[in-house]
Amino acid sequence: MNSGKIDEQGLIQQLLPSTRIVVLTGAGISAESGIPTFRDAQDGLWSQFRPEDLASPEGFRKNPKLVFDWYAWRRNKVLEARPNSGHQILAAWEQQFPHLTLITQNVDGLHQAAGSQQVIEMHGSIHRLVCMRQRHPSPWVEAADTVPLCALCASQLRPDVVWFGEMLDRGILQRIGRALAQCDVFIAVGTSGLVYPAAGFLDEARHAGALTVVINKEKVGEDRVDLLLQGSASEILQRLQSSWNQRSQGMDSPG
Ligand code: APR
């Protein structure tokens with residue numbers, strides 16, 4: 001299914017080793033590994049809290065232990081999960097396409113677990129902590145009765161993720177801006193396209209002249225993308241990969 005400007009075979013034709021590709025992933029790619037999306041993670045035990053109270057500097061100041069425990073719960077879910085074939089194919093693309101830039105909004109580390117080595121984690125990582133005062137980094141430590149403290153400055157440790165109302169790292173945004181300005185093909189996988197600045201990347205790439213593709217189980221961005229591939233992220237990436245393999249084999253064989 002697509003918006004008609006290009007079809008799936010047309011996309012495969014564009015995917016050459018020299019193509020500058022930017023892939024942006026969101027919660028949808030990890031959904032098939034059993035990771036609850038942010039909203040799903042509001043279910044059950046945590047449904048009585050507002051997202052702003054669990055994922056904001058104000059929420060942390062008000063109740064640091066509550067916020068820390070929520071992230072510890074989410075991190076345990078991530079530790080139980082395995083990357084799926086969608087993550088694995090994108091890891092293979094790192095070898096296949098030397099000019100690939102992989103950007104994720106996910107904090108779960110599943111791209112790295114699948115073997116991707118150059119991942120831009122624009123919203124940080126749930127596996128690391130930083131301190132509130134100076135952002136000194138720290139590996140994960142469990143909370144006891146209170147949240148753990150920084151070994152260097154004794155301020156409280158918090159997850160190294162971007163919360164509501166916080167700025168993204170300027171260096172990361174600059175790297176992303178450069179990749180978007182130069183990209184030939186932009187592919188958004190499993191993201192609702194609601195949360196800025198990531199929500200603006202597709203238009204940035206389009207204005208830079210890139211072919212734009214969305215892979216989503218819903219009809220996201222159908223009015224403005226060149227190709228909408230609707231369905232499961234892992235199934236569609238597998239299909240693209242096997243078409244790409246077939247085409248490459250065809251190009252290698254004589255005659
Ligand atoms: N295959 C493809 N797409 C899927 C699948 C799947 N198996 N499962 C879900 N999706 C799609 C949904 O249709 C939806 O469009 O993934 C998208 C998930 O959207 P969100 O939950 O909004 O996740 P994301 O876009 O990553 O959110 C961005 O918002 O909650 C904050 O900081 C958090 O990084 C997050 C940011």
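Start at 1 with the first residue, then count along the sequence. Just follow the structure's listing: the first ligand is 1, and inside any ligand the first atom is 1.
- Of all the atoms in ligand 1, the ones that sit under 4.0 Å from a non-hydrogen atom of Gly190 are 3 (N), 16 (O), 17 (C), 18 (C).
- Just one of Leu90, Ile215, Ile29 meets the side-chain contact (heavy atoms from CB on, under 4.5 Å) condition when paired with Val23; it is Leu90.
- Closest heavy-atom approach to atom 9 (C) of ligand 1 within the set Gly28, Gly124, Ser192: this belongs to Gly28.
- Checked by distance only, ligand 1 and Val195 stay at 3.5 Å or farther apart across all their nitrogen or oxygen atoms.
- Any N or O atom pair closer than 3.5 Å counts here, and Gly26 shares no such pair with ligand 1.
- At a heavy-atom cutoff of 4.0 Å, ligand 1 is contacted by both the backbone and the side chain of Gln105.
- Assignment of Asn216 to the shell around ligand 1 is supported, since a heavy atom sits closer than 4.0 Å.
- Of all the atoms in ligand 1, the ones that sit under 4.0 Å from a non-hydrogen atom of Thr191 are 15 (O), 16 (O), 17 (C), 24 (P), 25 (O).
- The shortest heavy-atom distance from Gly231 to ligand 1 is under 4.0 Å.
- Each of the atoms 1 (N), 6 (C), 7 (N) of ligand 1 lies under 4.0 Å from some heavy atom of Glu32.
- Taking each heavy atom of Thr212 and Leu202 in turn, the nearest pair found is CG2-O, 3.8 Å.
- Considering backbone and side-chain atoms together, Ala31 places no N or O closer than 3.5 Å to any N or O of ligand 1.
- Rounding to the nearest 0.5 angstrom, the gap separating the CD atom in Gln241 from the CD atom in Gln96 is 4.0 Å.
- Among Glu235, Gln238, Glu32, the one residue that satisfies the side-chain hydrogen bond (donor to acceptor under 3.5 Å, both in side chains) test with Ser85 is Gln238.
- An N or O contact shorter than 3.5 Å is missing between Ser232 and ligand 1 by distance.
- Using a distance-only test at 3.5 Å, with no hydrogens or angles considered, a donor-acceptor pair links the side chain of Ser243 to the main chain of Arg239.
- Counted by atom type alone, Thr19 and Asp184 present zero donor-acceptor pairs between their side chains at under 3.5 Å.
- Looking at His123 against ligand 1, only its side chain comes within 4.0 Å, counting heavy atoms.
- At least one donor-acceptor pair under 3.5 Å links the side chain of Thr104 to the backbone N or O of Asn106.
- For the pair Arg178 and Glu204, the salt-bridge criterion is not met [side-chain N within less than 4.0 Å of a carboxylate O].
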